[in-house]
Amino acid sequence: MPRKIVVLPGDGIGPEIVEQAVRVLDAVNEQYKLDISTQTFAFGGASYDQSGEPLTEETLKACRDADAILLGSIGGPQYDKAPRDKRPERGLLRLRSELELFSNLRPAMLFSELADASSLKPELVAGLDIMILRELTGGIYFGGPRGIETRDGKQVGFNTMVYSEDEIRRIAKSGFEIAMQRDRRLCSVDKANVLEVSELWREVVIDTAQHYPEVELSHMYVDNAAMQLVREPKQFDVIVTSNLFGDILSDAAAMLTGSIGMLPSASLDINGKGMYEPVHGSAPDIAGTGKANPLATILSLSMLLRYTLNESVAADQIEAAVASVIANGVRCPDIASGSANEQIVNTVQMGDAVMTALQDT
Ligand code: IPM
Ligand code: MG
């Protein structure tokens, strides 16, 4: 059975970085006879421009029928004035929700050669390897009631942070399972000193822990977690948290690694089907300049091969190729430290370097 991947280049730098990842995909597809076929659709702002909808029914159907989705990035200032429900972000949120991609894995790993690119001292981040597991289809992103309305003649905006026991239990379970495959330490991040929704979160996480006696469970309030991430990030192994807290903490963790341009992510449903995308956004300020770093997208492809298609040999090879490119000093501007033995390249040249390294590894 051929395996189907839907490719959604999206907006801003999305198409440029996805193009490089697709080159890598084509190469491993041929080398390992993976029998993968790809189909590309407009998504986000690009889709809105074509059809007035950020996610069309046709694209949604293709995503449902696919084994996995490879996404670039979406959004841009030109869509700020579009009706709220037509904005690119709504397309992304709807896709996550319709496909029930509740489990969002955001690893923050540092290639040792890039320790100088981090804003923290190299000794604080050298060897960093954290996994942030973010709940992706619930919480304040999707809770109701929500809206902006007039009350007593004044405008009021409101959202609802809501989690059911089942939603907490399934993400907690994912957290424990991931911790079991790593250093067996899970830190659940909440705001249980203020929010009832967090009180329940903590209770359910503790209850789920019974089934994972080998995992050391700890709890941290989100404000403290933000501080600890920049104070002593290596104390963490796996962090599990809610949608909004995970959104914020994963950007902070990304920066520890020198550049958000290096970090892949996976969003999985209960069966392991997934959507894979870089953690960074569409960076409209550098779109079309050749400055975009395609490595986060290439590493997202390797996660796709590993987690959804079970092609770990091909995934290993891609990761080895990226590591060797980094070791050789090849740098897009976002990961350059200014040292003399670096070679600064553009998006396509970074793709070239990975393609060459793939043949050598
Ligand atoms: C992310 C992004 C999205 C989010 C936006 C684009 C809707 O920031 O994937 O982290 O908030 O989830
Ligand atoms: Mg975010």
Side-chain angles (χ1 to χ4, degrees), residues 8-15 17-18 42-48 53-55 60 63 69-80 82-108 130-143 146 159-163 167 171 189 222 225-226 229 239-257 259-269 274-287 292 296-297 299-300 303-304 334:
L8 305 174
D11 309 319
I13 60 172
I17 53 181
V18 163
F43 181 55
S47 173
Y48 175 74
E53 292 293 337
L55 172 65
L60 178 59
C63 290
I69 301 155
L70 183 66
L71 169 65
S73 52
I74 51 136
Q78 68 270 47
Y79 305 110
D80 288 351
R84 198 178 305 132
D85 64 326
K86 305 288 181 198
R87 288 187 199 146
E89 291 76 10
R90 285 300 171 101
L92 179 60
L93 295 176
R94 174 148 184 250
L95 193 52
R96 288 173 177 171
S97 172
E98 293 275 351
L99 301 184
E100 279 196 77
L101 305 171
F102 70 94
S103 177
N104 182 214
L105 283 66
R106 298 192 162 186
I130 307 177
M131 177 67 84
I132 296 191
L133 179 64
R134 169 187 177 195
E135 199 291 327
L136 201 59
T137 52
I140 198 165
Y141 271 55
F142 294 95
R146 63 188 294 161
N159 289 85
T160 304
M161 195 187 275
V162 51
Y163 272 111
E167 285 176 304
I171 193 71
V189 171
V222 62
L229 265 179
I239 290 175
V240 62
T241 191
S242 61
N243 205 340
L244 179 63
F245 298 162
D247 178 46
I248 299 166
L249 294 181
S250 63
D251 265 29
M255 202 58 226
L256 301 174
T257 69
S259 174
I260 199 166
M262 292 298 296
L263 294 183
S265 78
S267 307
L268 306 176
D269 73 3
M275 175 156 80
Y276 296 81
E277 57 179 304
V279 168
H280 63 70
S282 58
D285 53 323
I286 60 164
T297 315
L299 291 169
S300 298
M303 284 186 96
L304 184 161
D334 62 312

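Both counts, for ligands and for their atoms, begin at 1 and track the order of listing. All residue numbers refer to positions in the sequence shown, counting from 1.
Looking at heavy atoms from C-beta onward, I171 lies in side-chain contact with S103 at the 4.5 angstrom threshold.
For N243 (side chain) and L136 (main-chain N/O), a donor-acceptor pair under 3.5 Å exists by modelled atom type. A donor-acceptor contact shorter than 3.5 Å is absent between the side chain of S282 and the backbone of D11.
A donor-acceptor pair shorter than 3.5 Å can be found between the side chains of Y141 and D247.
Of all the atoms in ligand 1, the ones that sit under 4.0 Å from a non-hydrogen atom of R96 are 1 (C), 4 (C), 9 (O), 12 (O). In the vicinity of E89, heavy-atom distances shorter than 4.0 Å reach the ligand 1 atoms 6 (C), 7 (C). For ligand 1 and R134, the ligand atoms under 4.0 Å from any heavy atom of the residue are 1 (C), 4 (C), 9 (O), 10 (O), 11 (O), 12 (O).
Where the criterion is an N or O separation shorter than 3.5 Å, residue side chain and backbone included, E277 fails it with respect to ligand 1.
Separation of atoms CG (L71) and CG (L95) is listed at 8.0 Å; rounding is to 0.5 Å. Here L55 contributes atom CG and S47 contributes atom OG; the two are 7.0 Å apart, rounded to the nearest 0.5 Å.
Residue, atom and distance of the protein heavy atom nearest to atom 4 (C) of ligand 1 are Y141 OH, 3.5 Å. From the protein, the heavy atom lying nearest to atom 8 (O) of ligand 1 is D247 OD1, 3.3 Å. What sits closest to atom 1 (C) of ligand 1 on the protein, heavy atoms only, is R106 NH2, 3.3 Å.
One of the N, O or S atoms belonging to D247 lies under 2.8 Å away from the Mg ion (ligand 2).
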